[in-house]
A.B. asks: 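Sharing a structure here in structure tokens format.
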Amino acid sequence: QVQVVESGGDLVHPGGSLRLSCAVSGFNLESYAIGWFRQAPGKEREGVGCIASGDGLYIAESVKGRFTISRDSAKNTVYLQMNSLKDEDTAVYYCATRSIPFRFNKYCRITEADYPYWGQGTQVTVSS
């Protein structure tokens, strides 16, 4: 049984930083991609970025330069580091995972339909 669990959401002031974690278990972690998504109140869910097991990385233009993604393979955990947070970053943040063929594991994309396994989400609120 695949489990995807996000953690680290919190209330933070504008300009602050936060690191979210995504722990994955019960899944073939030899060749995979993990995507981060967010859904702000009243808006559709959008992709934030993704990382593939071959160290492929993609960060959405809307957060590039402020957000980054890393992974700790030993802990089966992926992190979303968010810096210089703004009010508009307030959202529920989700991570999701999928397996990918080895030949593609240096690439990933943030298309929701690609990811069959999702976490419950963690709330990030940016407010003064």
A.B. asks: Mind checking what makes side chain to side chain contact (heavy atoms under 4.5 Å, CB included) contact with S127, not counting sequence neighbours?
C.D. replies: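 Testing S127 for side chain to side chain contact (heavy atoms under 4.5 Å, CB included), a comparison that skips the adjacent residues, returns L11, T125.
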A.B. asks: Verify the distance criterion only: is there a donor paired with an acceptor across the side chains of R71 and S73 at less than 3.5 Å?
C.D. replies: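 Yes, side-chain donor-acceptor contact under 3.5 Å.
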A.B. asks: Looking at Q81 and F67, would you say the former's side chain and the latter's main chain have a donor-acceptor pair under 3.5 Å?
C.D. replies: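 Not a single qualifying donor-acceptor pair exists.
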A.B. asks: Quick one: side chain to side chain contact (heavy atoms under 4.5 Å, CB included) partners of D72, sequence neighbours excluded?
C.D. replies: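 Checked D72 against side chain to side chain contact (heavy atoms under 4.5 Å, CB included); matches are A74, K75, Y79.
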A.B. asks: Could you tell me whether a side-chain N or O of S84 sits under 3.5 Å from a main-chain N or O of R66, the two making a donor and an acceptor?
C.D. replies: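 A pair under 3.5 Å: no.
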A.B. asks: Look at the side chain of S31 and the backbone N and O of S53, then say whether any donor-acceptor pair between them is shorter than 3.5 Å.
C.D. replies: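 Not at all, since once roles are kept as given, no pair shorter than 3.5 Å links the two residues.
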A.B. asks: Return the set of residues passing ring-ring contact (aromatic ring centres under 6.0 Å, His included) with Y117 (not counting sequence neighbours), or none when no residue passes.
C.D. replies: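 Here the qualifying residues are F27.
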A.B. asks: Knowing that exactly one of T68, I59, L80, I69 qualifies, which makes a side chain to side chain contact (heavy atoms under 4.5 Å, CB included) with I51?
C.D. replies: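 Per the side chain to side chain contact (heavy atoms under 4.5 Å, CB included) rule, the option paired with I51 is I69, out of T68, I59, L80, I69.
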A.B. asks: Pairs in or reaching into residues 80-105: which pass ring-ring contact (aromatic ring centres under 6.0 Å, His included), with residues at least two apart or in two chains?
C.D. replies: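 Matches after skipping sequence neighbours: none remain.
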A.B. asks: Which distance, rounded to the nearest 0.5 Å, do you find between the CG of D89 and the CZ of R38?
C.D. replies: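 Answer rounded to 0.5 Å: 5.0 Å.
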A.B. asks: Say whether, by atom type as modelled, one donor and one acceptor occur between the side chain of Q123 and the main chain of D10 under 3.5 angstrom.
C.D. replies: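 Looks like no, no N/O pair under 3.5 Å.
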A.B. asks: Using ring-ring contact (aromatic ring centres under 6.0 Å, His included) as the criterion, list what pairs up with F37, not counting sequence neighbours.
C.D. replies: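 ring-ring contact (aromatic ring centres under 6.0 Å, His included) check on F37 returns Y115, W118.
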A.B. asks: My understanding is that only residues two or more places apart in sequence, or in another chain, count here; which of them pass side chain to side chain contact (heavy atoms under 4.5 Å, CB included) with K106?
C.D. replies: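 In terms of side chain to side chain contact (heavy atoms under 4.5 Å, CB included), with neighbours along the sequence ignored, K106 is linked to no residue.
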